[in-house]
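Here, residue 1 is the first one in the sequence, and each next residue gets the next number.
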Amino acid sequence: PYGSSTYMWRSSPPLRAFDVWNMLKNASLESGSAPTYTPWTPMGAGTTLSVPSGGAKSGSRYLRAYTSVSGGSVYQDMTVPSVFGESYVFSVWARAASVSPSVSVVLWGLGGTNESTGTAVALSTSWKLISAPLDVVQSGHTSLRAQMYLPVGVNVDFDNMEVIQVANKKASFEDPNFVQNPLPWQ
C-alpha cells in the first residue's frame with residue numbers, strides 16, 4: 001500500500017531490536033543456598049536487613065528492611081555509565097507489616113552532576129508494584145543507584161527488584177541501519 005519498496009532491519013547475525021536485562025544483582029534474593037542480601041546495603045545506623053523465606057511475591061525469599069532512624073534506606077549501586085537521552089526504570093514490589101506507611105523508591109544517576117527521580121507510595125500488607133523512571137539529562141554518570149527509603153519503625157518487604165534500560169525514545173526509520181529489502185514489512 002505504500003509503494004513497491006519494503007523495509008527490514010539489517011543485522012548479521014540477527015539481533016533483537018532491543019535486549020532487556022535486569023542490571024541488579026540478587027534482585028529476588030534467591031541467589032545462593034543460604035539467604036543473603038548482598039549486595040543490597042543498609043544506609044543509616046539504625047537500618048537492618050534480613051532475608052525471610054515464605055510469603056515472597058515470587059520464589060521463596062524476599063528482602064525485609066527496618067529502620068529506627070529518619071532517612072534510613074536500602075540501596076544497590078551498579079557500574080553503568082549513562083549518557084544524555086538514555087532512560088532507565090527501577091521497579092520493585094513492596095509491602096509493609098502494617099497499613100499505610102509511605103516508602104520512596106528512587107533511581108539515581110551518580111558521577112558528574114548527580115540526578116534522581118523517585119516515587120513515594122503508601123503501602124499496605126499486600127504486594128504493590130512501585131516504579132521510578134530516570135531520563136538522563138546530565139552527563140558524566142559512572143553508576144546508577146537503586147534506593148528504597150524506609151518509614152521509621154515498620155518492617156517493609158521488597159521482592160523482584162529490577163533496573164532496566166528502556167528503548168531509545170529517539171529511534172526512527174531514518175536510522176542508516178534501516179535499509180531497503182525485498183522482504184515484506186507490515
Contact between [X] and [Y] at the side-chain level, heavy atoms closer than 4.5 Å - yes or no?
| X | Y | result |
| --- | --- | --- |
| L123 | I130 | yes |
| Y88 | V136 | yes |
| L144 | F90 | no |

What pair of heavy atoms forms the shortest contact from [X] to [Y], and how long is it?
| X | Y | answer |
| --- | --- | --- |
| P42 | Y37 | CD-CE1, 4.5 Å |
| S131 | V89 | CB-CG1, 4.1 Å |
| I164 | M23 | C-CE, 4.1 Å |
| V105 | A132 | O-CB, 3.4 Å |
| V154 | P101 | CG1-CG, 3.9 Å |
| A65 | L150 | CB-CD1, 3.7 Å |

With sequence neighbours left out, write down each residue that passes side-chain hydrogen bond (donor to acceptor under 3.5 Å, both in side chains) with [X], or none if nothing qualifies.
| X | result |
| --- | --- |
| S58 | N160 |
| T67 | T47 |
| Q147 | S73, W108, Y149 |
| T38 | T36 |

Measuring from atom [atom1] of [X] to atom [atom2] of [Y], what distance do you get when rounded to the nearest 0.5 angstrom?
| X | Y | atom1 | atom2 | result |
| --- | --- | --- | --- | --- |
| N26 | L63 | CG | CG | 9.0 Å |
| S87 | L134 | OG | CG | 7.5 Å |
| Y75 | L107 | OH | CG | 15.0 Å |
| S53 | E30 | OG | CD | 9.5 Å |
| M43 | R145 | CE | CZ | 4.5 Å |
| M161 | S91 | CE | OG | 11.5 Å |

**Item:** Sidechain-backbone polar pair: Q76 side chain, K25 backbone, donor-acceptor under 3.5 Å
**Value:**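 Here the side-chain-to-backbone pair exists.
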**Message:** Going by side chain to side chain contact (heavy atoms under 4.5 Å, CB included), name the residues that satisfy it together with S50, two or more places apart in sequence or in a different chain.
**Reply:**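 Side chain to side chain contact (heavy atoms under 4.5 Å, CB included) list for S50, sorted by chain: P52, R64.
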**Message:** If the condition is side chain to side chain contact (heavy atoms under 4.5 Å, CB included), which residues does P81 pass it with, not counting sequence neighbours?
**Reply:**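 Testing P81 for side chain to side chain contact (heavy atoms under 4.5 Å, CB included), a comparison that skips the adjacent residues, returns none.
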**Item:** For L129, the rest of its hydrophobic cluster, which grows through side-chain links under 4.5 angstrom
**Value:**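 ILVMFWY cluster around L129 also holds Y62, W93, W127.
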**Asked** Members other than Y66 in its cluster, when Ile, Leu, Val, Met, Phe, Trp, Tyr link by side-chain heavy atoms under 4.5 Å?
**Response**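 Members alongside Y66: none; it stands by itself.
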**Asked** Applying the 4.5 Å side-chain criterion to the ILVMFWY set and letting contacts propagate, would V92 and W40 be lumped into a single cluster?
**Response**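 They do share one cluster, since a chain of ILVMFWY contacts under 4.5 Å joins V92 to W40.
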**Message:** Do V121 and V163 land in one hydrophobic cluster if side-chain heavy atoms of ILVMFWY residues count as linked below 4.5 Å?
**Reply:**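 Per the 4.5 Å side-chain linkage, V121 and V163 are co-clustered.
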Would you list the pairs meeting salt bridge (Lys or Arg N to Asp or Glu O under 4.0 Å) in which at least one residue belongs to [range], sequence neighbours left out?
| range | answer |
| --- | --- |
| residues 112-128 | none |
| residues 42-59 | none |
| residues 36-47 | none |
| residues 90-109 | R95-D157 |

**Prompt:** Step by step, would you call S28 with D159 a side chain to side chain contact (heavy atoms under 4.5 Å, CB included)?
**Reply:** CA-CA 5 Å; S28 64; D159 202 1; 3.9 Å; yes
